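Because the structure is predicted, anything quoted here is derived from the model rather than measured. Heavy atoms only: backbone and side chains are in, while hydrogens, waters and symmetry mates are out. Here is the naming used below: chain letters follow the sequence lines, and residue numbers restart at 1 for every chain.
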Number of protein chains: 2
Amino acid sequence: MVRASSVKDVAARAGVSLGTVSNVLNRPDRVSPETRARVEQAMRDLGFVRNESARQLRAGRSRTLAYVLLDARNPFFTDVAEGVERAAEAAGLSLFLCNSDNRSSREQDYLAHLVEQRVQGILVTPVDAQSPALADVRRNGTPVVIVDRTRSDDTFCSVAVDDELGGRLAVEHLIEQGHTRVAFIGGPDTIGQVRDRLEGARKAWADAGLPPEQLVVVTTEALTVVEGRSAGERVMGLGRNRRPTAAFCANDLLALGLLQQLSTSGLSVPGDLAIVGYDDIEYASAAAVPLTSVRQPRQELGRRATELVLDEADNPEHVHQQVVFTPELVARRSTLG
Amino acid sequence: MVRASSVKDVAARAGVSLGTVSNVLNRPDRVSPETRARVEQAMRDLGFVRNESARQLRAGRSRTLAYVLLDARNPFFTDVAEGVERAAEAAGLSLFLCNSDNRSSREQDYLAHLVEQRVQGILVTPVDAQSPALADVRRNGTPVVIVDRTRSDDTFCSVAVDDELGGRLAVEHLIEQGHTRVAFIGGPDTIGQVRDRLEGARKAWADAGLPPEQLVVVTTEALTVVEGRSAGERVMGLGRNRRPTAAFCANDLLALGLLQQLSTSGLSVPGDLAIVGYDDIEYASAAAVPLTSVRQPRQELGRRATELVLDEADNPEHVHQQVVFTPELVARRSTLG
DNA sequence: ACCTTTCGTTGAAACCTTTCAATCCAAGGA
DNA sequence: TCCTTGGATTGAAAGGTTTCAACGAAAGGT
């Protein structure tokens, strides 16, 4: 394997011009059957593989989409990715997944690389939706759609779920169950989703006329199982009369960690503490005590985002739109006794 | 945004030749500071972005690595991916993740696309490690390393964990705990990992002199939480004296599903059924009853695979090697009562 | 004052594919 | 027999970058 063979090599071996080889590749109907067979045989003999870089260079665009996600280990995002993947496959495009791992430096590196690659479009769940880096990407000619976030101006297409409403649903549910002292567990508050869910929680709390200091905010460093466990220690370490009777976690991973922490401490859910999660990932319903959670249409999110990015890429009359889906509360044992 | 600007445009605006622009990009030290400043200003003015296709075309290779994984929703693979990502980042390469979703057709599509892209190397956890498609990829000049599988011949580098030993460890542990009737839960047996783990289990069973029919094999359709739940129903539906006292699941997702099924049926773990999982994913220790599991060095797997693929790409004297890591049993409450 | 280095810059070639106008040839019509 | 038509094939150009031999000018040495 010295050097990959090119159309030129194939042309030489088949005794045709390289234009003909290209025709076999791209418009086989314009080539006579015999010639075509000969060229195809030559390709097989030489193990010819199209050089996508050259093809792209000529075509000016690639046949790939990319989804830059916040955390590949969070099932929520992989579910969204699944939706993107299906839609991309249907459109005949490949999808590359890039994991920014919540680090904006890595996000930027990926975005830069993708723009240089001239991918057909980028879907991104950004660390910071307001970041000017996103505007740069589009200025450089690559369509971008924001997933699971909304930018405050309407210069981007975005597909999101109403997180404020989600937070509201969770807390209203807890209030209905009679809780009057509730913990909100989540963080860091640089994450927009966390802020919005808390905001919704606070509004629902105020609307119910409950005193603000009885909605305790417990801040975590990340939205992970491990953080959920440590938050659990903090919550249950509160003095008896300050301790909440229910917790609303900013995502299911936190909720699962919290649940775990409680059961190792011999506390019962929802007896000692009721728990509401967020995202309704598969593990939520599969937990020891099935979790009440706020469900988002994950695959649908991915599918819709893909449609938007393709429209932005292909349709000269494209107008940006912000799609907002409605979340839904799924009540399970962790709040229902 | 009519057309992305090229080095030529930058050169014109800065009043230099395009060779100089390229030098600014690639060997800035060879350009005088004033010229460099002028060129850099021109780049900013025009919003110049390097065209990676053209660069690759010239260079013959890209600055990307790809990992084609079996199931992006399985935390085991995303952990491996994390290891790959770190190593790739250290080497100054970008990593694209491709999810084959256990479908060989999709795996093939991705592989073909990646070869056409001339990526620098491909890591793959294949649906079928013996598939000739993998040999095709390398024949076409792209280094390939097999992750978490081993090919029977030694024509590929691979990084894997000794699954047979893992199966053995799991079952030996159960035997030590006094179990003499055990279920192996896993499938489909087209998955090599499942076959090997079962094989190890059988050998340990035979070595202990236990009758083969007391190691019951329960076949699942996939390695998912949902399948674990349905396997649970089947296992517990067995007649009293055929029912096992312990189960060894081919991965943690199955084990979590099984655990869930048992606790909704009001059965206790390990009282009614002891459970051993496999992979030791984060959720295993975070489960309601912390799971005993067989741990694999996931990130290390990814890191090592990356080193191998880079060696294959850069080192003309590269020799293929099969790295096999040793798994480790982590005993927790699900088997320790 | 002249020759040699050294440094900075240049221009052209090469990478591989696709496209398109131009050419060729055979068949059919007049 | 000559002309037309249509299909098949060709050859050259274009796309953006990198590399490299070659060039010019300025600096250093004698």
Side-chain angles (χ1 to χ4, degrees), chain A residues 2-40 42-43 46-63 112-113 115-119 140-142, chain B residues 2-40 42-43 46-64 112-113 115-120 140-142:
Chain A
V2 184
R3 186 182 60 87
S5 45
S6 72
V7 277
K8 201 192 287 186
D9 303 322
V10 174
R13 179 172 245 266
V16 296
S17 81
L18 92 199
T20 301
V21 177
S22 177
N23 281 335
V24 170
L25 251 16
N26 304 298
R27 329 231 232 335
D29 46 304
R30 299 211 186 150
V31 178
S32 74
E34 312 86 65
T35 312
R36 186 162 71 210
R38 204 146 33 91
V39 171
E40 282 167 348
M43 286 181 177
L46 296 171
F48 170 77
V49 179
R50 233 202 210 113
N51 183 325
E52 182 70 17
S53 307
R55 182 222 228 315
Q56 268 180 225
L57 173 58
R58 184 71 236 254
R61 58 146 64 170
S62 78
R63 298 156 38 66
H113 193 83
V115 172
E116 290 187 350
Q117 294 249 3
R118 304 289 194 271
V119 293
N140 289 325
T142 308
Chain B
V2 184
R3 184 182 62 89
S5 45
S6 72
V7 277
K8 203 191 287 186
D9 303 323
V10 174
R13 180 173 244 265
V16 296
S17 81
L18 91 198
T20 300
V21 177
S22 177
N23 282 335
V24 170
L25 249 18
N26 303 298
R27 326 227 235 338
D29 46 305
R30 300 211 185 150
V31 177
S32 75
E34 312 84 67
T35 313
R36 186 162 71 209
R38 204 144 35 89
V39 171
E40 282 167 348
M43 286 182 177
L46 296 171
F48 170 77
V49 179
R50 232 203 212 113
N51 183 327
E52 181 70 17
S53 307
R55 183 224 232 308
Q56 269 181 226
L57 174 57
R58 183 68 235 251
R61 57 148 63 169
S62 77
R63 299 157 38 67
T64 3
H113 194 83
V115 172
E116 290 187 351
Q117 294 249 4
R118 303 289 193 271
V119 294
Q120 207 168 115
N140 289 326
T142 307

So do the side chains of A:Q56 and B:E52 get within less than 4.5 Å of each other, counting heavy atoms only? no
For A:T35, answer base if it contacts any base atom (sugar-phosphate contacts may also be present), sugar-phosphate if it contacts only those atoms, and nothing otherwise; contact means non-hydrogen atoms under 4.0 Å. sugar-phosphate
By the 4.0 Å heavy-atom rule, please label A:V31 as base, sugar-phosphate, or nothing. sugar-phosphate
Check whether any side-chain nitrogen or oxygen of B:R118 sits under 4.0 Å from OP1 or OP2 of C:dC15, and answer yes or no. no
Pick base, sugar-phosphate or nothing for A:T20, based on heavy-atom distances below 4.0 Å to the nucleic acid. base
Report the C-alpha distance between B:N26 and B:R50 in whole Å, list the side-chain angles of each, state the deciding distance to 0.1 Å, and finish with yes or no for side chain to side chain donor-acceptor pair (under 3.5 Å). CA-CA 11 Å; B:N26 303 298; B:R50 232 203 212 113; 3.1 Å; yes
If you check every side-chain atom of B:N51, which of C:dT17, C:dG8, D:dG16 has the closest atom? D:dG16
Looking at D:dT9, I'd like to know if its phosphate oxygens (OP1 or OP2) sit under 4.0 Å from a side-chain N or O belonging to A:S32. yes
Can you find a side chain N or O atom of A:R55 that sits less than 4.0 Å from OP1 or OP2 on C:dT18? yes
A:L18 side chain, from C-beta outward: closest of D:dT10, C:dT10, D:dA12: D:dA12
Length of the CD-P vector between A:Q117 and D:dG15, whole Å: 21 Å
Considering only side-chain heavy atoms of A:L25, which listed nucleotide, D:dG15, D:dT18, C:dT18, is closest? C:dT18
Expressed as a whole number of angstroms, how long is the span from A:N23:CG to D:dG11:P? 13 Å
Can you tell if the side chain of B:T64 reaches within under 4.5 Å of the side chain of B:Q117, non-hydrogen atoms only? no
Within this structure, what is the CZ-to-C1' distance between B:R61 and D:dT18, rounded to whole angstrom? 15 Å
Quick one: which of C:dT10, D:dT17, C:dT18 gets closest to the side chain of A:S22? C:dT18
Given that B:R30 and A:K8 both sit by DNA chain C, which one's nearest nucleotide is further toward the 5' end? B:R30
With B:R61, which residues qualify under salt bridge (Lys or Arg N to Asp or Glu O under 4.0 Å), at least two apart? B:D314
Point-to-point distance, once rounded to the nearest 0.5 Å, from CZ of B:R58 to CG of A:L57: 13.0 Å
Among C:dC16, C:dG8, D:dG11, the one nearest A:A54 by side-chain distance: C:dC16
Nearest nucleotide by nearest heavy atom, which residue falls closer to the 5' end of DNA chain C, A:L57 or B:G19? B:G19
Partner of D:dT30 by Watson-Crick or G-U wobble geometry, both contacts under 3.5 Å, or none? C:dA1
In whole Å, what is the span from the CZ atom of B:R36 to the P atom of C:dC7? 15 Å
Please report, rounded to the nearest Å, how far the C1' atom of C:dC15 is from the CZ atom of A:R50. 17 Å
Base, sugar-phosphate, or nothing: which does A:N26 touch, judged by heavy atoms less than 4.0 Å apart? sugar-phosphate
What is the distance from CG of A:D29 to C1' of D:dG7, rounded to the nearest Å? 12 Å
How many Å lie between CD on B:E52 and C1' on D:dG16, as a whole number? 12 Å
With hydrogens left out and only the distance checked, is there a donor-acceptor pair under 3.5 Å joining A:R58's side chain and the base of C:dT18? yes
Of the listed nucleotides (D:dT17, D:dT10, C:dG11), which one gets closest to any side-chain atom of B:V7? D:dT17
Using 0.5 Å steps for rounding, measure from the OG atom of B:S22 to the CZ atom of B:R27. 6.0 Å
Separation of C:dG8 atom P from B:E34 atom CD, nearest Å, is 9 Å
